There are 2 protein chains.
Amino acid sequence: MGNNLEKYTDVVNCPVRNVLDRFGDKWSTLVLLLLDEAAVMRFNELHKAINGISQKMLAVTLKTLEADGLIIRTQYPEIPPRVEYKLSERGSSLLPHIQNLVKWANTNFDAIEESRVSYKR
Amino acid sequence: MGNNLEKYTDVVNCPVRNVLDRFGDKWSTLVLLLLDEAAVMRFNELHKAINGISQKMLAVTLKTLEADGLIIRTQYPEIPPRVEYKLSERGSSLLPHIQNLVKWANTNFDAIEESRVSYKR
DNA sequence: TTATTAGCTTACTTTTGGTAAGTAAAGGTA
DNA sequence: TACCTTTACTTACCAAAAGTAAGCTAATAA
């Protein structure tokens with residue numbers, strides 16, 4: 001009863017779940033990785049850089065990342081509008097962990113693919 | 001053109017995306033964390049431990065984790081059946097990275113919640 | 001008049017997750 | 001004999017979430 005499994009099993013109120021869900025989606029980590037390399041990027045730059053994302057999903061992704069304080073949005077009062085996105089400190093502190101997952105995924109990709117193929121047979 | 005953004009932007013063929021998608025779902029990390037603590041667990045133990053998962057989703061989750069070689073399924077020829085799940089070496093090698101994300105989520109949870117609230121206003 | 005930028009809106013499709021029921025096999029109970 | 005239990009699932013169906021494509025907006029410059 002008093003063990004530490006409890007902290008995972010209450011899915012609804014779990015802080016971890018609550019946070020990880022936000023960048024466990026299809027695009028968020030991609031945006032974070034790109035901003036880590038590019039310092040600042042504009043909306044259309046990101047849109048061109050991420051092959052296959054729609055404008056709507058990019059807008060939604062940027063908005064939730066901003067709401068969570070992981071990226072900073074700077075808007076310039078110009079016409080046509082100019083908006084720049086960059087990592088916040090909080091976002092930068094998350095990035096090493098994502099990079100580690102990326103490294104893990106890269107080193108284990110081939111073996112996992114093999115497992116998947118042989119699992120089907 | 002020869003920069004290293006390319007390795008992220010081709011979403012369809014991206015090995016990272018391909019791998020991370022598999023445990024970026026609703027339940028997989030939860031199962032991995034539980035197996036890390038418990039060494040071995042049976043189907044119904046997991047079902048009881050994870051508040052809110054359906055039998056179907058647990059079965060699907062365990063199957064894909066097994067297909068990727070992250071967990072090992074051992075079946076005993078008894079009636080009623082007994083099936084035990086445990087982490088594989090590959091699964092164990094992934095776990096520290098997940099734990100790091102969990103730690104990050106826990107330390108940043110309060111601040112992120114605040115950001116979310118003030119973002120709405 | 002058209003292009004530009006950073007979106008928003010609408011309608012639609014796809015993917016994911018959830019519910020409820022059923023199945024198998026052997027043994028125990030009435 | 002009929003039926004109830006347990007375990008580890010599978011199946012059929014349904015709802016919700018995520019994603020897509022296309023069109024709309026603003027103000028200005030070419």
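So that the names make sense, note that chain A is the first sequence line, chain B the second, and so on, each numbered from 1. These numbers come from a predicted model, not from an experiment.
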When you measure from the side chain of [X] to the backbone N and O of [Y], does any donor-acceptor pair fall under 3.5 Å?
X       : Y       : value
S88(B)  : G69(B)  : yes
R116(B) : A111(B) : no
D36(B)  : L32(B)  : no

Exercise. When we call it a touch if two heavy atoms are under 4.0 Å apart, what does Y76(A) touch: a base, just sugar-phosphate, or nothing?
Worked result: nothing

For this session: Please tell me which of P81(A) and I53(A) maps to the more 5' nucleotide of DNA chain D, matching each residue to the nucleotide holding its nearest heavy atom.
Result: I53(A)

Calculate the interatomic distance between [X] atom [atom1] and [N] atom [atom2]; express it in whole Å.
X      : N       : atom1 : atom2 : value
E45(B) : dT6(D)  : CD    : P     : 16 Å
R82(B) : dC9(D)  : CZ    : P     : 13 Å
H47(A) : dT5(C)  : NE2   : P     : 13 Å
Q55(B) : dT10(D) : CD    : P     : 11 Å
Y85(A) : dT5(C)  : OH    : C1'   : 11 Å
D25(B) : dT15(C) : CG    : C1'   : 13 Å
I79(B) : dA24(C) : CD1   : P     : 13 Å

Which nucleotide in the list [options] gets nearest to the side chain of [X]?
X      : options                  : result
M57(A) : dT20(D), dC9(D), dT19(C) : dT20(D)
K26(B) : dG23(D), dG18(C), dT9(C) : dG18(C)
N44(B) : dT19(C), dA8(D), dA6(C)  : dA8(D)
R73(B) : dT5(C), dC9(D), dG7(C)   : dC9(D)
W27(A) : dT7(D), dG19(D), dA25(C) : dG19(D)

For this session: Examine dA8(D): is either OP1 or OP2 under 4.0 Å from a nitrogen or oxygen in the side chain of R42(B)? Give yes or no.
Result: yes

Exercise. Is there a donor on the side chain of K56(A) or the base of dT20(D) sitting less than 3.5 Å from an acceptor on the other?
Worked result: yes

Exercise. Taking atom types as modelled, is there a side-chain donor on R82(A) or T74(A) under 3.5 Å from an acceptor on the other?
Worked result: no

For this session: Ignoring hydrogens and angles, state whether a donor on the side chain of Y85(A) or E45(A) is under 3.5 Å from an acceptor on the partner side chain.
Result: no

Problem set entry | Residue whose nearest DNA chain C nucleotide is more 5′ - P80(A) or A59(A) | P80(A)

